[in-house]
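Worth knowing before you read on, the calculation uses all heavy atoms, side chains too, and leaves out hydrogens, waters and symmetry mates. Atoms within each ligand, like the ligands themselves, are counted from 1 in listed order.
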Amino acid sequence: MASDDRPIALTIGTAGHVDHGKTTLVRYMTGKDTDRLEEEHRRGISIVPGYAELDLPSGRRASLVDVPGHERFVKNMVAGATGVDAFLLVVAADDGVMPQTREHLDVLRVLGVERGVVALTKIDAVDEETAELAELDAAELLESVDLPAPIMRVSGATGEGVDDLLAALDELAGGSGDGRPGTLARLPVDRTFVLKGIGLVATGTLWSGEIRVGDTLHTASGKRPRVRGVQNHDRPAEVAYAGARTALDLVGVEASELEPGDVLLSTALPPTRALDVRVRLLEGAAYPLKHATRLRLYHGTRATNARVRFLDRDGLAAGKSALARLSLQDPLVVLPGDRFVLRSSSPQVTVGGGVVLDPSPAGRRPEPAWLEALEAGDWGRVVPLALARDPWRSRGMTAEELSLVVPVAPEEIPASVANNPDIAGLGRLYALASETEAARERLLEALENRSREQPESPELSVAEARTATGFEPRLADALLARMSGAEEPEVSVTDSGVSLPDTGEVPPELEREAGALLGELRKAGNEPPAMQATPALRLLLKRGQAVRLGEELFGAAEATEGVLEEIKAACREAGEISLAGLRDRLGTTRKFAQAWLEYADEAGVTRRLGDVRVLTRRYR
Ligand SMILES: Nc1nc2c(ncn2[C@@H]2O[C@H](COP(=O)(O)OP(=O)(O)OP(=O)(O)O)[C@@H](O)[C@H]2O)c(=O)[nH]1
Ligand SMILES: [Mg+2]
């Protein structure tokens, strides 16, 4: 494995007030200048997030996102901070905690990033007393938001303390487990550009999953770009890992069809304009949040306007949280468990954020029971509630589909629904046990009705059986498979259709009726009486004991044999047989002779040649 193909152990986001030394520290640690824009150099500040790779002492690989500190670029900071695992909060020892030190930390907390390190930097430029004051300041800030993190004195100019800082980051990387949940690849795009000879390139930090050369991805607008090339931190690679700075060469999508803020996905997901969420107002928020307030919502690399409507209150006080529905101005691709940041537009400041509980709310009004179960992570309650919703009620859900509704990885679904009496597992599908039982009963009833009404052919076609369950085909088929595959099968599924397993036995009454009818037909011989196709007659036809001669004309099989032998004999003698010839030979009327000749044609024994019949080649 090439060194650049190692998975990312940790994605670290810098944070901190403008000019506090973030970019300088990142450059010292990685050797890379993350201020790549000319304007950034000219103005001496960062404007957009910059990215660098960090080799940790243990050999682990981390991805660093260096964000701008300037007040005007907090929105860029939010986009950069999305998808990071840990923070590197930079506080200049000569300046202490400043407004964006707080705001960035707020953004990180709202995004659920609660592990990190504080770098008290520019330590080379201050005396001990100043350093102590700044350190106290930082410690107070951490305490005020109840966030324990080590504070390390460093200098991006001299390198003092940087080894210890790296060791602390390494420790964070070691404790971060093995990667991110889920196999769904999600890349929030932060830049797109066209390279001569290469085509459209999209960059971003891969949130989850992996992207490989040759993969086909999906956009919210239904485009399906193919990945022609992958770069990890500016180096060509075969695969992009979660957490890595990723650039993709894409074909099958125009530059005008993909923009920063879009999301590239390995599975098509529908965008949504409504979210049911738990929203939280920051402790430091200046005003309570009123019902129906419009705020700016940041999710991934996308921002849009959102109106906040509470489920059960008129307003939200600072430091408090509540269930709410957000109506979005622009559609977003969101999964349950996703975090978002809320900022007010005047003043432009971060006021709170929250976590998405239901990204595709079903009704006009949020359902508190459903949201509370989702929030509590009570999958024993959530999964049945999800399965009870349309369209899943009649379709069932795979583990993958469930994991888009419930924030649980597909591979963990089986364990989280095991032994739940409300859930039925049908092959790879999960369905409500009560619905499954009702569908099973509907099917059995339909089969019983059929065998009562048509005892001679008591099976349903597969299509009829599916319809009878009331389920959509995939779930109906899974149910059929379970019912027929059980130790004591409830139905049997064959080429001829679906039937009750004991339908080999014909009701005795019908059997008697069929016996009498057969006797009648045999007695009538070549001249059977006209009759309707009754169940008894259909049973004889099915068993081959009778044959159909015409619309309402049926003969016993023995008579048929006899007549066909007569026809064959006549043809062998004379080379052909006419209607009159057969009539005379059988001693019957024209009507019956005609019916028998037509039957012989149909049976492939004879074929018509002008006014006569000759034997087909098979019987010659
Ligand atoms: N003496 C000293 N100066 C530093 C140190 N770190 C940064 N500086 C100086 O502080 C100024 C700002 O540093 P940057 O690294 O650009 O600060 P920043 O936090 O990235 O700023 P923004 O990205 O614009 O928020 C520059 O002039 C740096 O040379 C340090 O450790 N010691
Ligand atoms: Mg900077």
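Distance remark: protein heavy atom not present below 4.0 angstrom from atom 26 (C) of ligand 1.
Short contacts between ligand 1 and Ile45, defined as distances under 4.0 Å to a heavy atom of the residue, involve ligand atoms 24 (O). Counting atoms of ligand 1 from 1 in the listed order, those under 4.0 Å from a heavy atom of Thr24 are 6 (N), 7 (C), 13 (O), 14 (P), 15 (O), 28 (C). Listed by atom number, the atoms of ligand 1 under 4.0 Å from Gly156 heavy atoms are 30 (C), 31 (O). Ligand 1 places these atoms under 4.0 Å from at least one heavy atom of Ala157: 2 (C), 30 (C), 31 (O), 32 (N).
With hydrogens left out, the protein atom closest to atom 10 (O) of ligand 1 is Lys122 NZ, 2.9 Å, a heavy atom. Counting only heavy atoms of the protein, atom 21 (O) of ligand 1 lies nearest to Asp19 N, 3.0 Å.
Residues His233 and Ser63 bring a donor and an acceptor atom of their side chains to less than 3.5 Å of each other. No hydrogens or angles considered: nothing links the side chains of Asn232 and Arg245 as a donor-acceptor pair under 3.5 Å. Donor-acceptor pairing under 3.5 Å is lacking for the side chains of Thr158 and Asp124. In this structure, a donor-acceptor pair under 3.5 Å is present between the side chains of Asp95 and His20. His41 and Asp35 form no side-chain donor-acceptor contact under 3.5 Å, judged by distance and modelled atom types alone. Residues Thr350 and Glu103 have side chains that bring a donor and an acceptor to within less than 3.5 angstrom of each other. For the 3.5 Å distance criterion, the side chains of Arg273 and Ser327 fail to qualify, holding no donor opposite an acceptor.
For ligand 1, the polar-atom distance check against His20 finds a nitrogen or oxygen pair separated by under 3.5 Å.
For the Mg ion (ligand 2), the N/O/S atoms of Thr24 include none lying under 2.8 Å. Backbone or side-chain N, O or S atoms of Ser46 reach the Mg ion (ligand 2) at under 2.8 Å.
Neither the backbone nor the side chain of Ile123 has any atom closer than 4.0 Å to an atom of ligand 1 (non-hydrogen atoms only).
With Leu323 as reference, Leu357 is the one residue of Asp276, Asp312, Val277, Leu357 to meet the side-chain contact (heavy atoms from CB on, under 4.5 Å) rule.
Of the candidates Gly21, Ser46, Ala93, Pro68, the one placing a heavy atom closest to atom 23 (O) of ligand 1 is Ser46. Looking at Asp95, Asp124, Thr23, Thr121 and measuring to atom 16 (O) of ligand 1, the nearest heavy atom belongs to Thr23.
Although no hydrogens or angles enter the test, the distance criterion places a donor-acceptor pair under 3.5 Å between the side chain of Thr11 and the main chain of Gly243.
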